[in-house]
Every structure is written in C-alpha cells, then in structure tokens.
There are 2 protein chains.
Amino acid sequence: MGASKTEHFTPKQNEIASIMKALGHPARIAIIDYLLKVDTCICGDIVNELPLAQPTVSQHLKELKNAGLIKGNTEGNAICYCIDEETFFKFQNFLSEVFGKIKAQKNNCC
Amino acid sequence: MGASKTEHFTPKQNEIASIMKALGHPARIAIIDYLLKVDTCICGDIVNELPLAQPTVSQHLKELKNAGLIKGNTEGNAICYCIDEETFFKFQNFLSEVFGKIKAQKNNCC
DNA sequence: TTTTAATATTGCAATATTACGATAAAGATA
DNA sequence: TATCTTTATCGTAATATTGCAATATTAAAA
C-alpha cells in the first residue's frame, strides 16, 4: 500500500499529523531554525544555508508552505519566506493540551 | 533517492525531526490520544480502538517505541504500553524555545 | 530586447512507508 | 500436553518521499 487511511481518523488527528509530518525531516527543521535565527524573512539565501541542491530545497519549502508553517511573498524576482505564526500557535495549543494531560497522569503503571 | 541526508544536519535537528516523523501519521496520533484519554497503560485493546489490522497497529506501536514516545512492559502474555514522559518533556522543551522565538519576533516583514 | 538571477517544475532513480495476510512466538489456561 | 490469547515478525504489494539534473518561469538589469 503506502497510502495512509486518513478517512478513518478525526480531522484534528489528520491535521496534527500533517503538521508533524511536514516537520519530520531534518532539512525542514533546519529551515525553521534558520528562519527563527535570522528573525526576519529570508529572500534567497536558504539554498546557501542548506547542504542540498536548489530543487530539493525548493521542494522542502513547498511542503512547509502546504502545511501552513511558512508563507512566501514575491519580492521582485526573489521570494521572501517567513514563519506563519497562526499555524504554529494552533500547533502549540494542541501540544499544550497533550503535555498538560501527561503531567496530570496518575502514572500508576509501567 | 528516498533516503534523508541526515549526516548533514545537527544531532538535535535529526532528533527532533525523528520525533516529529514518528508523530506524523494519524494512526500514531490516535494511539497517543487514546493513551492520554484512558490515563493508564493499555494492555491489548489498542487494536480494537483503531481501524487497522493487528499487524499494522503493532508496526505503528513499534515506531512510537523506537522514537522513545511510548514504552512497553510485558504483563503476562499481554503487553502494557504507556507514554514515555521523558521524551515528551524533552520535546516540549524544544518546542517552548521555538514558540518563544516566534512570539519574540519583530515581525517586520511579510 | 537580451542577458542575468532567483525560484519552480518536470522527470526519474533510489529508497522508505503503509497496510495486511500468513505465520511465529510466548505465556496463560484447560 | 494441547489449546487459546496476545503480540510480533515475515513477505509482499501499493504508494510516498527524497534528491537531483535538466529545464522552465519570472522579473530585474544591462
């Protein structure tokens, strides 16, 4: 097979899984890391920051964009990418719930 | 190709990416959800909770275990799975940093 | 208008993931 | 011991992901 049976899970489970999946590659974590480090949009120089060919970087950027984690603005013939805060904060809310439940666990087993 | 060039990224980037990847499937999110809902170890009934065959569930459990997100204890002929808090809290620390940086951004672009 | 620069898309090869039937393994129970 | 229950592993088919060379696209600059 190879295709996930997404129709059998809740929309929220699918949504969170797709965000996690988008972040499930070191190159894409590195892109987010870099965006946070420079604390501004990046126009052009991501390719030089990563040990990957330009088409590969472009593909990773596309996946982050599809997942809503970054957004891109055309700026002349360059494109300016930055963090899409909204999705990150939605993600954070989900995780707060999860971590809260973990902390509240009675832990009476294992 | 199909293989990630993990050797070109930092250990931390690879570690976080592998946790994210493990959570990048709705079935595995559903398993974590269920573990948090029942607030105890689960011995046996995960298979009945998921819309997937037993070998498939077993495989997903293995991936969560490999990523350190759950741990399993043999309990007679059953196996008792529960959240591995340590990994989750490590994950939370990483994310706190990320979310902190996002909030602190000057947001002077895009 | 031609050239240059930046980014995206296409096409493809290598590898990984997902799913499940069949079967094995390990311990409980009759 | 024989059987049942529970979980893991094997084998395999279908599909997805990763990476890059070649090429296309788009807009600025000459």
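We name chains A, B, ... by the order of the sequence lines, and we start the count at 1 in each one. Quick caveat, the model's predicted, so the values are computed rather than measured.
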Can you check the [X] [atom1] to [N] [atom2] distance for me, whole Å?
{"X": "E49(B)", "N": "dT7(D)", "atom1": "CD", "atom2": "P", "value": "13 Å"}
{"X": "K65(B)", "N": "dA8(D)", "atom1": "NZ", "atom2": "C1'", "value": "10 Å"}
{"X": "L61(B)", "N": "dC20(C)", "atom1": "CG", "atom2": "C1'", "value": "16 Å"}
{"X": "L50(B)", "N": "dT7(D)", "atom1": "CG", "atom2": "P", "value": "13 Å"}
{"X": "F9(B)", "N": "dG19(D)", "atom1": "CZ", "atom2": "P", "value": "7 Å"}
{"X": "N48(A)", "N": "dA5(C)", "atom1": "CG", "atom2": "P", "value": "14 Å"}
{"X": "N66(B)", "N": "dA16(C)", "atom1": "CG", "atom2": "P", "value": "15 Å"}
{"X": "E63(B)", "N": "dT9(D)", "atom1": "CD", "atom2": "P", "value": "13 Å"}

[X] [atom1] to [Y] [atom2] distance, which is reported to the nearest 0.5 Å:
{"X": "Q54(A)", "Y": "N48(A)", "atom1": "CD", "atom2": "CG", "result": "10.5 Å"}
{"X": "L69(B)", "Y": "D84(B)", "atom1": "CG", "atom2": "CG", "result": "7.5 Å"}
{"X": "Y81(B)", "Y": "L64(B)", "atom1": "OH", "atom2": "CG", "result": "9.5 Å"}

What residues 10-32 of chain B contributes to the DNA chain C interface at heavy-atom separation below 4.0 Å is K21(B), H25(B), R28(B)
Output yes when at least one side-chain N/O atom of [X] is less than 4.0 Å from OP1 or OP2 of [N], else no.
{"X": "S58(A)", "N": "dA8(C)", "value": "yes"}
{"X": "Y81(B)", "N": "dT6(D)", "value": "no"}
{"X": "K62(B)", "N": "dT9(D)", "value": "yes"}
{"X": "H60(B)", "N": "dT17(C)", "value": "no"}

Non-hydrogen side-chain atoms of Q105(B) and L36(A) separated by less than 4.5 Å:
yes
Check whether any side-chain heavy atom of L50(B) sits under 4.5 Å from a side-chain heavy atom of Y34(B), and report yes or no.
no
Starting at the 5' end of DNA chain C and moving along, which residue's nearest nucleotide shows up first, P55(B) or S4(B)?
S4(B)
Taking for each residue the nucleotide of DNA chain C with the nearest heavy atom, is it L52(B) or E75(B) whose nucleotide lies nearer the 5' end?
L52(B)
Any side-chain to backbone donor/acceptor pair from S96(B) onto Q92(B)? Under 3.5 Å, distance only.
yes
Could you tabulate the donor-acceptor pairs under 3.5 Å formed by side-chain atoms of residues 15-32 of chain B, not counting sequence neighbours?
from: E15(B); atom 1: OE2; to: K90(B); atom 2: NZ; distance (Å): 2.9
from: S18(B); atom 1: OG; to: E15(B); atom 2: O; distance (Å): 3.2
from: H25(B); atom 1: ND1; to: A27(B); atom 2: N; distance (Å): 3.0
from: H25(B); atom 1: NE2; to: S4(A); atom 2: OG; distance (Å): 3.1
from: R28(B); atom 1: NE; to: A22(B); atom 2: O; distance (Å): 2.5
from: R28(B); atom 1: NH1; to: H60(B); atom 2: ND1; distance (Å): 2.9
from: R28(B); atom 1: NH1; to: E63(B); atom 2: OE1; distance (Å): 3.3
from: R28(B); atom 1: NH2; to: K21(B); atom 2: O; distance (Å): 3.4

Evaluate the ring planes of F99(B) and F89(A), with Trp represented by its six-membered ring, and classify them as parallel (under 30°), tilted (30 to 60°) or perpendicular (over 60°).
tilted
If you check every side-chain atom of [X], which of [options] has the closest atom?
{"X": "N77(B)", "options": "dA6(C), dG19(D), dT6(D)", "result": "dT6(D)"}
{"X": "A3(A)", "options": "dT7(C), dT9(D), dT15(D)", "result": "dT15(D)"}
{"X": "Q59(A)", "options": "dT18(D), dA6(C), dA8(C)", "result": "dT18(D)"}

Under 4.0 Å, heavy atoms only, any strand: does T56(A) hit a base, just the sugar-phosphate, or nothing?
base
When you measure only distances, ignoring hydrogens and angles, does the side chain of Q54(A) come within 3.5 Å of the base of dA6(C) through a donor and an acceptor?
no
